[in-house]
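Since the structure comes first, as structure tokens, the remarks are kept for the end.
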Amino acid sequence: MKYDVAVIGGGPAGMISAGRAGELGASVILIEKNKNLGRKLLITGKGRCNITNKENNPREFINKFGKNGKFLFSAFSVFGIQETINFFEKLNLRIKIERGRRVFPVSDKSQDVLETLIGYLKKSNVKIKSNSEVKEVIKKDNKIEKIILANNEEIIASKFIISTGGKSYPGTGSTGDGYKWAKKLGHTVTNLSPSLVPIIVKEKIVKELEGLSLKNVEISVYKENKKIDSRFGEAIFTADGMSGPIIIDMSKKIRQELPKDIKIKIDFKPALDFSKLDQRIQEDFNRDSKKMFKNSLNDLLPQKLIPIIVKLSGINSNKKSSFITKEERKKLLYLLKEFTLEVKSLAIHEKAIITSGGIELSEIDQKTMKSKLIDNLYFAGEILDIDGPTGGYNLQVCWTTGYVAGENAYLTFH
Ligand SMILES: Cc1cc2nc3c(=O)[nH]c(=O)nc-3n(C[C@H](O)[C@H](O)[C@H](O)COP(=O)(O)OP(=O)(O)OC[C@H]3O[C@@H](n4cnc5c(N)ncnc54)[C@H](O)[C@@H]3O)c2cc1C
């Protein structure tokens, strides 16, 4: 059988593009190498799926993607943030908006987003071919003629959409296959690097803090002792460094500066300046004058952090807190307001939220997502050379480019 449209990759971009082409009336096949669609989608937003970001000004939204963002303007005018929200609501997914304008399903379950998309595919009569890895893409006379699966089965279609994602979290199926085909077809693939990643630090002591998550902290980045970035929010210690929203968002800036001398300073108590925190500590220390130093920080810090702070302060842990000197308190204050770690490197692709780099945008028609080099080929999603910060930005790229690719694969066919 010859299909009107064959979509390779059943992630968010592939699902919406296949569904849109099918909804319009095309016969569509969606090919996915995993047993199930949307494996990466399921782990987004810590299993809650941050679908998009309800930034009211599209220009502001697009600015978040840096210089490549302008590629999205035209597609956004067709299927932008509000259209995405309407799309999901029309399919009966209830949506809520949280702090930072981040949009989630009311149920807090990415599974519900996935099921909504699968329902859309079924309604659009898309043939879902899972457990099917595409091995080769065959070109003839400047067109894709067919694709060949791992079991040598051939799939023939008039139009092809490649939406195989990036290279991060390869266990979910995103192993970068589409980049190889694109290169072979004559496309340029810009430099690929892991983006939005945890950091690895030099201090071995973090191992003892592994798993400790911090809320309402302020973390600043210093390049050669000059502050270059600072954010408030959540972070978590890992076995060899730190992760969590603040760190991941700052990782892009850190990448630009490494291997220079980069340090991060954690302010565990940003609501209190040095003198207010000093007052508070003195109150705690004097409340029970017999209490030993090691037992006097319980009201101030999470349990896991206390032994580390005690150790690094150099203050005798058994000393009565009321005997602690001003000089010793000063040391303690610096640990609480400027807990310093030296950045060694960034984590690898496997742990990145997104791949930076991809198909060179000047080779893609921004109105249709069609390749300017191959007559019947489209690209959608993370495979394109666009990446944004956390907060729903990257999935919005998938919804927008996927919808537009699916629609145009159908339209140019008819
Ligand atoms: C931990 C984590 C959390 C995230 N959270 C968020 C979030 O909350 N909000 C947000 O906006 N973004 C988030 N992202 C980013 C978001 O997941 C990606 O931007 C998005 O999944 C990209 O979608 P895609 O369809 O382009 O590719 P993918 O989701 O990578 O899907 C590509 C699909 O193609 C299939 N495939 C690959 N090669 C082949 C082949 N040869 N044959 C057949 N099939 C193939 C893969 O198996 C895969 O299913 C997160 C990412 C991670 C890793």
Side-chain angles (χ1 to χ4, degrees), residues 6-18 29-53 61 64-65 81 84 98 100 102-105 108 110 113-114 117 128-137 147-151 153 155 160-182 194-198 243-245 248 347 349-356 358-359 369 379-384 386-403 405:
V7 180
I8 314 175
M15 286 189 275
I16 197 164
S17 63
I29 182 166
L30 172 61
I31 307 153
E32 167 56 50
K33 72 173 163 191
N34 289 330
K35 190 165 155 244
N36 298 311
L37 300 173
R39 266 181 74 174
K40 186 176 275 178
L41 182 69
L42 284 180
I43 60 165
T44 57
K46 291 194 189 139
R48 298 202 302 133
C49 187
N50 182 187
I51 299 169
T52 183
N53 192 290
F61 190 101
K64 292 280 194 329
F65 294 89
I81 302 157
T84 302
E98 292 192 357
R102 293 174 307 154
V103 178
F104 290 91
D108 283 330
S110 52
V113 179
L114 178 59
L117 287 164
I128 299 170
K129 196 167 172 60
S130 51
N131 270 328
S132 303
E133 182 176 357
V134 173
K135 273 284 177 213
E136 251 189 289
V137 175
I147 50 183
I148 301 177
L149 305 184
N151 65 0
E153 196 183 326
I155 307 278
F160 292 85
I161 300 175
I162 299 182
S163 51
T164 43
K167 282 182 85 166
S168 67
Y169 279 71
T172 62
S174 320
T175 44
D177 300 8
Y179 301 127
K180 285 183 248 157
W181 307 325
S195 189
L196 303 181
V197 277
S243 185
I248 284 188
H349 261 303
E350 277 68 12
K351 291 183 180 167
I353 298 289
I354 194 117
T355 301
S356 176
I359 310 290
M369 300 301 134
F379 290 97
E382 193 178 326
I383 191 167
L384 296 165
I386 311 175
D387 61 286
T390 60
Y393 293 89
N394 292 302
L395 277 175
Q396 184 60 58
V397 170
C398 299
W399 312 130
T400 297
T401 58
Y403 189 92

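Order of listing sets the numbers, starting from 1, for every ligand and every atom in it. Each residue takes its place number in the sequence, starting with 1.
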Side chain to side chain contact (heavy atoms under 4.5 Å, CB included) partners for Pro198, two or more places apart:
Ser243, Ala347, Lys351
Name all residues meeting the side chain to side chain contact (heavy atoms under 4.5 Å, CB included) criterion together with Thr172; count only those two or more places apart in sequence or in a different chain, and write none if there are none.
Arg39, Lys40, Ile43, Tyr169, Ser174
Take atom NZ of Lys64 as the centre, draw a 6.0 Å sphere, and report whether it contains more than 12 heavy atoms from other residues, nucleotides or ligands.
yes
The test is side-chain contact (heavy atoms from CB on, under 4.5 Å); show your working for Phe160 and Val137 and say whether it passes.
CA-CA 10 Å; Phe160 292 85; Val137 175; over 6 Å; no
Residues forming a ring pair (Phe, Tyr, Trp, His ring centres under 6.0 Å) with Phe65, sequence neighbours excluded:
Phe61
Side chain Ser17, main chain Gly14, donor-acceptor under 3.5 Å
yes
With a 4.0 angstrom cut-off on heavy atoms, strictly below it, pick out the residues next to ligand 1 and order them by chain and number.
Gly9, Gly10, Gly11, Pro12, Ala13, Ile31, Glu32, Lys33, Asn34, Lys40, Ile43, Thr44, Gly45, Asn50, Ser132, Glu133, Val134, Ser163, Thr164, Gly165, Tyr169, Thr172, Gly173, Ser174, Asp177, Trp181, Ala352, Ile353, Ile354, Gly381, Glu382, Gly392, Tyr393, Asn394, Leu395, Cys398
